[in-house]
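One structure is given here, and the rest of the page talks about it.
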Amino acid sequence: MKNSKKSGKSRGVVVFAFNNRHVNYVSIADQTSRLISKNLGLPITLITDEYSTDPNFDYDEIILVESKSGNTRRKKDGSGIQEWKNLDRYCVYDLSPYDETLLLDTDYLVFDQSLLKLFEQPFDYRLMYHMQTPKELNRDEMGPISLPMVWATVVLFRKTEISRMYFDLIGRIQRNYGYYRALYGIRDSNFRNDFAFSIANIVLNGHAVDPMISVPWPMTTIEPDIENIEIRNGFLVVRYDARADVISRQNLHIMDKNYLTSDQFERLVDEVCDEG
């Protein structure tokens, strides 16, 4: 696997994708990167490992790293244990070839240009503070008595000293996760980047929540299994088994990885990319 091209651009997108036995995350990254390129027009760097499949998207750069086993969880259908490799995301500060980096999860679908507006503001880093479903706004916490949670799905940062301190602190939290999990009353025994990013943000800001660091809109997340997503008259129609949500066209965080590796999703991406 070789770099597609080398760029000196100072602004771009970074995505991490490590395949496991159940999910081809590189193929998901290929499709979601097409949406990023279409709607944001930014170069995209893929960070992956030598064991993952060769990508098909023309990335600005491909960086190979040594992946580490992350967390495991029983699949929803009870058919086995699923592993995902989510460690060392904090290394993005050093790995990113850009001065201004938009870090996106591979399951984040970019349908508009709203993220570009974030680059126009002064910041060291910005985080997604709030998540909503199509029905309601959720206040996420890490435990019954805990800090408000931020989402590591969308992270914007500039290569400043404050940002370096932030990502270094995330690395320290990961390496000592048992201690921080007990200290902050985290229920889930698995390491989550969302938790580490949340704790580091609180500590770095004097144990206070700074609203100026927040992306100024919530992240819309689709949690149920999806049959299809259609574009109709400027709206997104998300179809499930027995119902559908009709929402304004916006970026979406999709939890259903089976849909993201389906032919239906590829056809949706084709439709978006063919738009004038």
Side-chain angles (χ1 to χ4, degrees), residues 5-16 29 32-47 57 59-61 89-90 92-132 137 140 148-170 193-194 197-198 200-202 204-206 208-221 234-236 247-254 272-273 275-276:
K5 50 189 175 180
K6 182 71 175 178
S7 172
K9 297 182 178 67
S10 61
R11 178 180 295 176
V13 178
V14 170
V15 294
F16 283 72
T32 54
S33 292
R34 293 174 63 199
L35 295 175
I36 295 168
S37 181
K38 169 69 176 181
N39 291 298
L40 301 183
L42 295 174
I44 305 167
T45 289
L46 174 70
I47 298 177
F57 182 79
Y59 292 97
D60 181 52
E61 188 170 346
R89 186 75 63 90
Y90 69 91
V92 68
Y93 183 94
D94 293 316
L95 292 174
S96 173
Y98 311 113
D99 297 322
E100 298 180 336
T101 300
L102 180 60
L103 172 63
L104 296 178
D105 276 0
T106 56
D107 57 6
Y108 191 76
L109 314 187
V110 176
F111 287 115
D112 62 33
Q113 298 180 337
S114 57
L115 292 172
L116 292 176
K117 298 183 182 298
L118 298 177
F119 287 101
E120 301 171 4
Q121 305 299 319
F123 65 89
D124 293 289
Y125 65 89
R126 277 184 176 267
L127 305 169
M128 191 67 77
Y129 271 27
H130 302 290
M131 186 272 281
Q132 67 180 10
L137 180 67
D140 299 292
M149 194 184 89
V150 303
W151 289 80
T153 307
V154 178
V155 179
L156 183 69
F157 68 92
R158 291 188 170 112
K159 287 199 172 181
T160 66
E161 188 57 32
I162 290 177
S163 290
R164 176 179 288 280
M165 291 171 60
Y166 177 62
F167 286 101
D168 285 348
L169 183 53
I170 294 170
N193 283 298
D194 303 317
F197 278 58
S198 301
N201 182 49
I202 285 288
L204 194 60
N205 287 282
V209 177
D210 185 353
M212 298 304 294
I213 293 173
S214 174
V215 174
W217 58 79
M219 176 177 66
T220 300
T221 298
F235 290 86
L236 297 173
I247 58 179
S248 61
R249 182 159 174 167
Q250 60 187 281
N251 301 333
L252 296 178
H253 180 211
I254 303 295
V272 173
C273 291
E275 292 175 338

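Reckoned from all heavy atoms, side chains included, excluding hydrogens, waters and symmetry mates.
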Subject >> Which atom of Ile36 lies closest to which atom of Val15, heavy atoms considered >> reply: CD1-CG1, 4.4 Å
Subject >> Backbone N/O of Asp112 and side chain of Arg249: donor-acceptor pair under 3.5 Å >> reply: no
Original post:
Short question: side chain of Asp194, backbone of Trp151 - any donor-acceptor pair under 3.5 Å?
Top reply: no
Subject >> Any donor-acceptor pair under 3.5 Å from Ser198 side chain to Val150 backbone >> reply: yes
Original post:
Under 4.0 Å between a Lys/Arg side-chain N and an Asp/Glu carboxylate O for Arg89 and Asp105?
Top reply: yes
**OP:** For the pair Ser37 (side chain) and Ser33 (backbone), establish whether a donor and an acceptor sit closer than 3.5 Å, ignoring hydrogens and angles.
**Re:** no
Subject >> Test item: Asp124 side-chain N/O and Ile162 main-chain N/O as donor-acceptor pair under 3.5 Å >> reply: no
Original post:
Looking at residues at least two apart in the chain, or sitting in another chain, which of them share a side chain to side chain donor-acceptor pair (under 3.5 Å) with Asp107?
Top reply: His253, Lys257
Subject >> Side chain Ser96, main chain Tyr98, donor-acceptor under 3.5 Å >> reply: yes
Original post:
So, Asn201 versus Tyr125: side-chain donor-acceptor pair below 3.5 Å or not?
Top reply: yes
Original post:
Is any side-chain heavy atom of Leu102 less than 4.5 Å from a side-chain heavy atom of Val154?
Top reply: yes
**OP:** With the side chain counted from C-beta on, respond yes when Leu42 and Phe119 share a heavy-atom pair under 4.5 Å apart, and no when they do not.
**Re:** yes
Original post:
What is the minimum heavy-atom distance between Pro216 and Leu118, and which atoms define it?
Top reply: CD-CD2, 3.7 Å
Subject >> Pair Phe111-Gln250, side-chain contact (heavy atoms from CB on, under 4.5 Å): steps then yes or no >> reply: CA-CA 6 Å; Phe111 287 115; Gln250 60 187 281; over 6 Å; no
Subject >> Any Val209 side-chain heavy atom under 4.5 Å of Ile202 side chain >> reply: yes
Original post:
Within the side chain of Tyr129, is there an N or O that forms a donor-acceptor pair under 3.5 Å with the backbone of Ile213?
Top reply: no
Original post:
Between Val92 and Val155, does a side-chain contact (heavy atoms from CB on, under 4.5 Å) hold up when you go through it step by step?
Top reply: CA-CA 11 Å; Val92 68; Val155 179; over 6 Å; no
Original post:
Step by step, would you call Ile247 with Leu252 a side-chain contact (heavy atoms from CB on, under 4.5 Å)?
Top reply: CA-CA 10 Å; Ile247 58 179; Leu252 296 178; 3.6 Å; yes
**OP:** Show the numbers, then the answer: is there a ring pair (Phe, Tyr, Trp, His ring centres under 6.0 Å) between Phe157 and Tyr166?
**Re:** CA-CA 10 Å; Phe157 68 92; Tyr166 177 62; 9.0 Å; no
**OP:** Quick one: closest heavy-atom pair of Lys38 and Glu275, and the distance?
**Re:** NZ-O, 2.7 Å
Subject >> Close side-chain approach of Thr153 and Met128, heavy atoms under 4.5 Å >> reply: no
Original post:
Any side-chain heavy atom of Tyr90 sitting closer than 4.5 Å to one from Leu169?
Top reply: no
**OP:** For residues Val215 and His130, determine if any side-chain heavy atom of one lies less than 4.5 Å from a side-chain heavy atom of the other.
**Re:** no
**OP:** From the options Thr32, Val13, Leu104, select the one residue that forms a side chain to side chain contact (heavy atoms under 4.5 Å, CB included) with Val110.
**Re:** Leu104
**OP:** Find out whether the Lys NZ or Arg CZ of Arg158 is both under 6.0 angstrom from the six-membered ring centre of Phe123 and within 45° of the ring's axis.
**Re:** yes
